[in-house]
Number of protein chains: 2
Amino acid sequence: MTTAPDYEQMLRGADLRVTRPRVAVLGAVHALPHADTDAIISAVRADDIGGDVSHQAVYDVLRALTSAGLIRRIQPSGSVSRYEARVGDNHHHLVCRSCGAISDVDCAVGEMPCLTAADDHGFVIDEAEVIYWGTCPDCSARS
Amino acid sequence: MTTAPDYEQMLRGADLRVTRPRVAVLGAVHALPHADTDAIISAVRADDIGGDVSHQAVYDVLRALTSAGLIRRIQPSGSVSRYEARVGDNHHHLVCRSCGAISDVDCAVGEMPCLTAADDHGFVIDEAEVIYWGTCPDCSARS
DNA sequence: CGCCAGTCTTGAACCATTCAAGAAAAGGCG
DNA sequence: CGCCTTTTCTTGAATGGTTCAAGACTGGCG
């Protein structure tokens with residue numbers, strides 16, 4: 001399990017100052033995969049080390065962590081922003097059209113090959129984002 | 001070139017009533033690939049047949065057309081909703097991180113095979129959406 | 001220990017999108 | 001052709017995630 005000191009280490013490694021809100025947010029994103037901002041705010045406030053943190057600070061921290069590459073922001077159509085801690089492994093997402101549940105999927109093709117488009121139109125491509133849309137097992141069973 | 005009567009035909013084919021705003025919006029989406037709602041509203045109002053149409057009507061029509069499958073809604077992270085008329089051919093998108101430009105790319109794998117995820121976690125997948133992120137030629141040249 | 005850029009707090013603004021209620025019009029039928 | 005029902009459009013306002021702004025605070029370096 002990852003602990004607070006580990007998060008501090010990660011922050012320092014990314015040249016970010018270590019503050020209570022940041023450690024708490026980083027912990028929340030690790031604890032709640034694919035959580036939206038609201039859930040993260042709640043988690044941070046429920047956390048002992050979190051205490052009272054403005055929603056603003058959470059937004060700022062999320063942005064800072066995202067641009068530092070410590071977390072990744074994902075926002076499927078029709079959904080609010082969500083964040084996840086798995087970065088740098090080129091994995092993709094399964095999204096349920098019915099309940100919005102998100103699951104991780106490893107890249108079907110392998111290392112990083114889905115970066116290759118049939119025709120890149122001169123674009124310099126640095127990432128391929130894949131979202132599989134469908135219905136999750138729970139929602140399938142319910143209908 | 002596609003004309004107004006053609007659009008009427010498409011609407012009727014989808015069991016949708018034929019109204020001036022609908023024909024105008026459908027025409028605008030065909031004329032402006034990847035346009036956002038604002039651009040569509042402007043185009044519809046500039047169009048002779050469009051006249052004065054409330055932004056509400058445009059939102060309604062776009063939703064009706066989308067659920068009828070006549071157009072497709074795309075919303076890359078950090079961008080407002082955009083619409084395109086190419087449907088049913090499983091093509092994907094190149095998005096410029098810098099200027100937001102969007103280009104179409106045919107599916108790299110072929111007919112519809114990118115629907116296959118490595119592990120579907122029990123999901124019933126009906127669509128695979130692929131977004132290639134990068135920098136467009138113009139923005140590359142500018143930097 | 002003290003400074004200062006980088007952070008957090010408070011509070012308000014933004015704006016794409018949606019909701020609501022009533023007027024208008026499409027299309028089927030007599 | 002004109003009526004009627006249902007869908008659609010208009011007007012106007014609300015919603016809510018996200019961002020902006022100004023000032024207080026503080027982490028980490030010298």
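By convention in this document, chain letters (A, B, ...) are assigned in the order of the sequence lines, proteins followed by strands, and residues within each chain are numbered from 1.
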Check: Where each residue is assigned the nucleotide of DNA chain C containing its nearest heavy atom, which of A:Arg22 and B:Gln75 is assigned the position nearer the 5′ end?
Finding: A:Arg22

Would you tabulate the pairs of protein nitrogen or oxygen atoms and nucleotide nitrogen or oxygen atoms of nucleotides 10-13 of chain C closer than 3.5 angstrom?
residue : atom : partner : partner atom : Å
C:dG11  : O6   : A:Gln56 : NE2          : 2.6

Close N/O contacts between protein and nucleotides 21-26 of chain C (under 3.5 Å):
residue : atom : partner : partner atom : Å
C:dA26  : N3   : B:Arg17 : NH1          : 3.1

Check: With no hydrogens and no angle check, is any side-chain donor or acceptor of A:His121 less than 3.5 Å from a backbone partner on A:Asp119?
Finding: yes

Note to self: Using whole Å, what does the distance between atom C1' of nucleotide D:dT6 and atom CG of B:Leu16 come to?
What the structure shows: 14 Å

Next item on the list: Would you please indicate yes or no on a ring centroid separation below 6.0 angstrom for B:Tyr83 and B:His34?
Entry: no

Notebook entry, point to check: Within this structure, what is the CG-to-P distance between B:Asp15 and D:dT8, rounded to whole angstrom?
Noted result: 11 Å

Notebook entry, point to check: Is a side-chain N or O of A:Gln75 found less than 3.5 angstrom from the main chain of B:Gly78, in a donor-acceptor match?
Noted result: yes

Next item on the list: Indicate yes or no for a side-chain donor-acceptor contact from B:Arg22 to the backbone of B:Leu11 under 3.5 Å, with no hydrogens or angles considered.
Entry: no

Margin query: Measuring only between side-chain heavy atoms, which start at C-beta, is A:Leu65 closer than 4.5 Å to A:Val29?
Written below: no

Check: So, B:Arg73 versus B:Thr66: side-chain donor-acceptor pair below 3.5 Å or not?
Finding: no

Check: Do the side chains of B:Val58 and B:Ile40 get nearer than 4.5 Å, heavy atoms only?
Finding: yes

Margin query: Heavy atoms within less than 4.0 Å of DNA chain C: which residues of residues 77-87 of chain B have one? Give them sorted by number.
Written below: B:Val80, B:Ser81

Check: Between atom CG in A:Leu62 and atom C1' in C:dT7, what is the gap in whole Å?
Finding: 14 Å

Margin query: Within the 3.5 Å criterion, strictly below it, is a donor on B:His30 or B:Glu84 matched to an acceptor on the partner's side chain?
Written below: no

Checklist line | B:Cys136 versus B:Cys99, closest heavy-atom pair with distance | finding: SG-SG, 3.7 Å

Checklist line | Whether A:Arg86 side chain and A:His91 backbone form a donor-acceptor pair below 3.5 Å | finding: no

Next item on the list: Send over the distance from B:Asp36 CG to C:dC15 P, rounded to a whole Å.
Entry: 14 Å

Check: Between A:Asp60 (CG) and C:dT9 (P), how many Å, whole number?
Finding: 9 Å

Notebook entry, point to check: Within less than 4.0 Å of OP1 or OP2 of D:dT19, is there a side-chain N or O belonging to A:Tyr59?
Noted result: no

Item checked: Nearest heavy-atom neighbours spanning A:Glu8 and A:Val18 -> CG-CG1, 3.7 Å

